Each structure stands twice: as C-alpha cells, then as structure tokens.
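Predicted, not measured: the structure shown is a model, and the values here were computed from it.
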Amino acid sequence: MPLLNRRLFLGTGLAAAAIWPSLGSARAQTFDTDPFALGVASGCPTPDGVILWTRLIFPVEPVPLADPFAPIPEITISPMDVFWEVAEDEAFSRPVRSGIYRAVQDWGHSVHVAVTGLEADRWYFYRFRCGNAESRVGRTRTAPSVDATNDRFTFAFASCQQYEQGYYSAYRDMAQRDLDLVVHLGDYIYEVSYGAHLVRRHGNGWPPTLLGEYRDRHAQYKSDPDLQAAHANFPWLAVWDDHEVINNYANDDAPNVIGGDKFLRQRAAAYQAWYEHMPVPPLASRDFSNFKIYGRHGFGQLLDIAMLDTRQYRSAPLEGPDGPPQRTMLGDAQEAWVDATLDASKAKWTIIAQQTLLSERDTKAGNATGYNLDGWDGYRSARTRLLDSVRASGTANPLVIGGDLHAFYAADVKEDFANPESATLATEFVTGSITSDGPSQASIATALAENPHLKFASGREHGYAILSLSPQKAQADFVAVSDRKDPNASAAIFQSFAVLDGMAGVNRL
C-alpha cells in the first residue's frame with residue numbers, strides 16, 4: 001500500500017461494480033487507485049442510529065526537492081463528495097437511508113456520518129461511493145431500545161496492538177465470531193518502534209509528532225486486512241490510552257518532551273488523527289485541546305457501558321505510591337460524571353470500561369512492595385473515590401474491563417485490598433495484548449502470589465476477550481492466537497469465567 005496524503009492522483013479505470021442510485025450533486029471524480037483502501041467502520045450505536053466511518057486516501061506522487069531536508073510541500077486537495085447508503089440487506093435491495101457527506105482536507109478527508117431513523121436492535125449494511133470508486137460493504141447493528149428486556153448481548157474487548165510485533169490474526173478470528181459490538185480500550189497505534197523479532201515495520205521507525213505523521217501511522221495500522229474485517233463486521237466503541245500520543249503521558253505532562261505548549265500541540269495533533277480514523281460522532285470544531293471521549297452507552301435493560309478516559313485529565317505521575325487526596329486519574333468533571341452515571345444506571349450489568357487494571361497489584365515478592373505508578377496503583381485516592389461511587393450507587397452487577405498490561409487478568413475488586421476477607425465490590429477482567437510483547441512468567445507468578453484478589457493471570461498468550469451477558473450470568477472468555485508472528489495463526493478460547501447475577505466475584509470455569 002502506498003504512503004499517504006501528500007498528492008491527489010486522478011485518472012481513469014477504477015470501475016464501480018455495483019449499481020448505485022443517482023448521486024445528484026456528488027462530484028464526479030475518477031480514481032486509478034482505491035480511495036477506500038483503509039476500509040469502513042461503524043460505531044457508537046444507539047437505538048435509532050449509528051456512526052458510519054471511512055477515510056479517503058490518495059497515493060504519493062514523489063516530488064523532487066533541491067534540498068532533501070526541506071519540508072515536504074503541502075498539496076491542496078479539493079473537497080470530495082462521498083455518497084453513503086444504509087440498507088436492510090447486503091444486496092442493498094431494501095435501502096433505508098442515504099445521503100452525501102463532504103470530505104475535506106482539514107479533517108484528512110475522513111467521513112463521519114451520524115445516521116438516524118433506524119430500527120432498534122437489528123443489523124444493517126452500509127457502503128460508500130466517491131466518483132467511480134466504491135467501498136467494501138460494512139455491517140452494523142443498532143442498540144436495543146431503552147426499555148427492551150433483551151436477554152443476551154455479546155461483545156469483544158481488545159487493546160495493545162503494536163503493529164511491528166505481530167500480525168492481527170486475533171482480529172481475523174474476532175471478525176468470524178457472533179458478536180454485537182467490539183470495545184477497544186486503547187493503544188490502537190504505537191508511536192514507538194521496539195521489540196525483538198519484528199515481523200513488519202513502522203515506516204522509517206521515527207515516532208510521530210506532527211498531524212501528518214500521526215495520520216500516516218493510523219493509516220498504516222488501518223491498512224491491515226484482518227483489522228479492517230473486524231471493523232467492517234461490527235460496530236465499535238473506542239477510547240485511547242497513551243501510545244496514541246506518547247508513552248506514559250499524563251494530561252499535559254509527557255516524558256522527554258520539553259515545554260508544555262510543545263507537547264500540547266503534539267497531543268492535539270494525535271487526538272485529531274485518532275478522531276479522523278475512528279467511528280466517532282462528527283465534530284464541528286477543530287479544537288483538540290480538550291477532546292471529550294468518555295460517555296455512557298446503553299443496550300436495553302441488560303447492559304450499560306461507561307467508557308472512561310484515564311489519560312487526558314490525570315494528575316502528573318508520582319515518584320512514590322500515593323499523594324494528596326486531590327490527585328486524580330479522571331479529572332473532577334469526569335469523576336462527577338461517573339457518580340451521576342452509576343447512580344442513574346438501572347441495567348442488569350454495568351460495565352466500567354477503562355484502560356488498565358483497576359485492582360491493586362503488588363509486583364514484588366515477600367515483604368517488599370512495588371507498584372505500577374502509571375496505573376491505578378499510582379492514583380490510590382482516585383481509585384478509592386471510584387470504588388466509593390460504585391458502592392454508593394448500589395449498581396446491581398458492576399464489571400470492570402481493561403487492557404494495557406499485555407497480560408490477561410481476572411480479579412475480585414475488593415473494598416480493602418489489604419484484607420482478603422473484605423467485601424467484593426465488582427468483578428474485573430483485563431484482556432491481554434493483540435500483539436504487544438508480554439511480561440515474564442516470573443512477574444505473573446509474583447503477582448498471583450502477592451495479590452490474593454487476582455484469581456487468574458497469564459502473560460504468555462496474545463489475543464482478546466469476549467463478554468457474553470444474560471440476565472442470570474456474565475461469562476468472560478479469554479481468546480489466544482497460536483502464534484502472533486504467524487499471519488495464518490489460529491485462535492481459540494483458553495480460559496473462561498462466570499459471574500452470577502447478584503454475586504460479585506470471579507468463578508473459574
């Protein structure tokens with residue numbers, strides 16, 4: 001696949017195979033390469049609608065420069081009219097919604113269509129066309145109505161997909177599953193190149209700092225056919241973690257970046273590139289200095305999902321394990337939103353979807369203690385407030401999901417982690433990485449020995465997790481690929497757990 005987005009190259013010969021309705025005022029463009037090479041996606045489903053996404057890309061035409069160190073000249077590309085269509089069937093014989101979206105250079109020619117007027121809790125098919133080029137067909141599903149007494153819902157959750165360290169066989173397996181939704185918990189791209197036995201490369205290997213560079217990194221990840229298949233087959237919910245910007249950043253603080261204003265410009269560029277490549281609602285403003293991504297997503301009376309942002313608003317990291325009570329992981333506004341959201345939730349199951357392991361994890365054996373200060377163990381007072389909110393809300397069945405650690409975990413979330421006999425407030429499942437290097441088995445053994453509330457942990461596998469919900473039970477399945485370095489790897493469930501209605505805690509199956 002060519003590198004991206006420096007020059008428009010128009011030509012002839014990319015014939016459209018399907019018969020489309022008249023495009024009316026849509027611009028007649030002719031392409032000799034596929035502008036839909038990054039695929040299609042949908043997300044943020046509601047009972048009457050969904051967000052449809054694609055992004056038009058164009059190949060590079062090399063420009064000889066007298067000075068090889070001179071900046072690449074900016075090429076102006078005209079706005080493009082993209083026709084979109086939603087139908088009840090894959091053949092599009094029963095179309096239900098259609099329109100034209102103008103894709104512009106300021107937004108990287110990304111397309112974010114907010115479709116409404118659909119029926120609740122049903123599958124739809126969608127596609128795009130621009131000029132003589134047409135996209136693949138995507139499939140999406142609306143959410144159940146607010147008062148629906150739905151008796152099942154199944155979703156996958158994933159994180160940490162370092163492109164160089166493995167192939168996306170896990171997504172090929174995911175695309176073939178019977179799912180209603182996919183939840184991505186961050187580290188969708190990596191800004192850094194690292195690790196041994198790399199199977200593919202991040203271009204020149206340099207970390208992005210500018211908007212165009214972040215766009216290219218996202219586009220490289222989106223070019224993977226297995227990732228495209230998982231996007232095309234299900235609606236997604238997504239939040240970021242740190243590698244979408246820079247490793248271990250916290251709010252306006254970033255390691256090895258001099259000057260707060262410089263980093264905030266870099267962070268805004270990264271946030272914009274993330275927006276341009278995710279199926280999230282269209283924005284009216286280009287101000288990415290404060291880009292709100294947390295929110296509640298309801299799926300009938302069975303399920304609420306609260307998606308949290310643990311990066312943008314957190315206090316700066318500490319040298320020791322705790323600090324003043326005002327230190328925060330979520331920020332004051334998001335903490336207040338969590339309180340209100342949990343109070344209002346009447347669903348049978350309430351998912352708190354965040355980036356990492358919420359439960360305490362002592363990483364040193366014996367009397368010594370050690371903690372990951374980039375996670376909730378570095379923000380203990382903030383974790384206490386979150387758990388106080390869970391307790392005070394009286395939420396029926398709180399479940400916490402996370403990623404980040406490149407290992408699978410199942411845990412009882414305790415009222416007091418120092419007292420194994422204290423009440424279990426929630427049940428937690430953390431997915432391993434799609435591809436990113438995992439921890440040593442020695443560190444996993446230490447975590448299990450030192451933290452009795454951690455009921456399962458494994459860092460050997462790479463894959464994702466599935467949660468299947470009914471009114472009586474939640475079942476978590478951990479899925480592993482046979483070999484992340486093998487593009488043809490198989491995948492299978494290697495461990496399952498159950499949580500019973502009204503009985504918080506991990507039950508190993």
Side-chain angles (χ1 to χ4, degrees), residues 185-187 239-261 263-264 267 270-271 289-295 306-343 352-364 368-393 398 400-405 409 411 413-419 422 425-426 428 430 447 450-451 453:
L185 298 171
D187 293 344
V239 287
W240 54 52
D241 195 17
D242 54 340
H243 285 291
E244 286 86 350
V245 182
I246 189 172
N247 186 40
N248 288 351
Y249 84 93
N251 196 328
D252 60 353
D253 179 88
N256 304 317
V257 176
I258 300 173
D261 289 344
F263 173 66
L264 287 178
R267 192 187 78 169
Y271 284 1
S289 62
N290 181 9
F291 181 18
K292 178 178 172 291
I293 63 168
Y294 63 85
M307 301 285 286
L308 307 187
D309 177 355
T310 64
R311 280 290 164 191
Q312 186 172 187
Y313 313 108
R314 65 164 64 184
S315 302
L318 287 173
E319 298 296 329
D322 207 358
Q326 66 269 25
R327 279 180 49 77
T328 181
M329 188 74 140
L330 303 177
D332 292 344
Q334 190 176 186
E335 284 192 11
W337 174 85
V338 168
D339 292 344
T341 298
L342 294 180
D343 280 341
I352 299 172
Q354 44 83 59
Q355 283 64 46
T356 187
L357 177 70
L358 178 64
S359 297
E360 184 175 295
R361 186 184 57 148
D362 181 1
T363 60
K364 290 189 177 180
T369 57
Y371 300 96
N372 171 24
L373 300 184
D374 186 59
W376 286 95
D377 285 334
Y379 298 82
R380 292 170 176 261
S381 55
R383 177 171 59 201
T384 297
R385 290 194 297 274
L386 177 58
L387 295 181
D388 285 345
S389 183
V390 171
R391 184 192 303 106
S393 69
V400 180
I401 61 173
D404 179 54
L405 299 180
Y409 285 92
V413 182
K414 306 299 285 187
E415 185 174 45
D416 179 1
F417 290 107
N419 177 13
S422 66
L425 300 180
E428 180 168 22
V430 172
E450 294 298 310
N451 304 277
H453 52 278

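The two residues A250 and A316 come nearest to each other via the heavy atoms CB-CA, 4.2 Å. Closest heavy-atom contact between L386 and W376: CD2-CH2, 3.9 Å. For the residue pair G378 and L318, the shortest heavy atom distance occurs at O-CD1, 3.9 Å. The minimum heavy-atom distance linking S389 with L342 is given by the pair OG-CD1, 3.6 Å. Considering all non-hydrogen atoms of both residues, L357 and V430 come closest at CD1-CG2, 3.7 Å. When all heavy atoms of D377 and S359 are compared, the closest pair comes out as OD1-O, 4.3 Å.
Interatomic distance, T310 OG1 to D241 CG, rounded to the nearest 0.5 Å: 5.5 Å. Between atom CG of residue N248 and atom CG of residue D374 there is a gap of 4.0 Å, rounded to the nearest 0.5 Å.
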Start with the C-alpha gap between M307 and I293, add the side-chain angles, then the distance that decides, and say whether side chain to side chain contact (heavy atoms under 4.5 Å, CB included) holds.
CA-CA 8 Å; M307 301 285 286; I293 63 168; over 6 Å; no

For R385 and D332: C-alpha separation, side-chain torsions, deciding distance, then whether salt bridge (charged side-chain N to carboxylate O under 4.0 Å, His left out) applies.
CA-CA 11 Å; R385 290 194 297 274; D332 292 344; 6.0 Å; no

Test Y294 against L330 for side chain to side chain contact (heavy atoms under 4.5 Å, CB included), laying out the working first.
CA-CA 10 Å; Y294 63 85; L330 303 177; over 6 Å; no

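Listed by chain and residue number, R361, Y409, N451, L454 satisfy the side-chain contact (heavy atoms from CB on, under 4.5 Å) test with A447 (two or more places apart in sequence, or in another chain). By the side-chain contact (heavy atoms from CB on, under 4.5 Å) test, N290 is found to be paired with Q312, Y313, residues two or more places apart in sequence or in another chain being considered. Here F417 pairs with H453 under the ring-ring contact (aromatic ring centres under 6.0 Å, His included) rule; sequence neighbours left out. Listed by chain and number, the residues in a ring-ring contact (aromatic ring centres under 6.0 Å, His included) with W240 are Y271, W274, F291 (sequence neighbours excluded). Legend: residues meeting side-chain contact (heavy atoms from CB on, under 4.5 Å) with I246, ordered by chain and number and at least two apart, are E191, Y249, A254, V257, F263, Q266. In terms of the salt bridge (Lys or Arg N to Asp or Glu O under 4.0 Å) criterion, D404 has no residue partners (sequence neighbours excluded).
Counting only heavy atoms from C-beta outward, the side chains of L387 and E415 never approach each other to under 4.5 Å. A heavy-atom distance below 4.5 Å is found between the side chains of D362 and Y371. Using a 4.5 Å cut-off on side-chain heavy atoms (C-beta onward), E428 and I401 make no contact. Residues V400 and Q354 meet the side-chain proximity criterion, which asks for heavy atoms closer than 4.5 Å. Residues I352 and V390 meet the side-chain proximity criterion, which asks for heavy atoms closer than 4.5 Å.
The backbone N or O of G370 sits nowhere less than 3.5 Å from a side-chain atom of K364 that would complete a donor-acceptor pair. At least one donor-acceptor pair closer than 3.5 Å links the side chain of Q355 to the backbone N or O of L308. Side chain of R327 to main chain of A382: no donor-acceptor pair is present (N/O by atom type, distance under 3.5 Å, no hydrogens or angles). Counting only distance, with no hydrogens or angles, the side chain of T328 and the backbone of S315 share no donor-acceptor pair below 3.5 Å.
Here R267 does not pair with D253 in a salt bridge; the nearest charged N to carboxylate O distance is not below 4.0 Å. Taking the charged nitrogens against the carboxylate oxygens, D309 and K292 have no contact shorter than 4.0 Å, which rules out a salt bridge.
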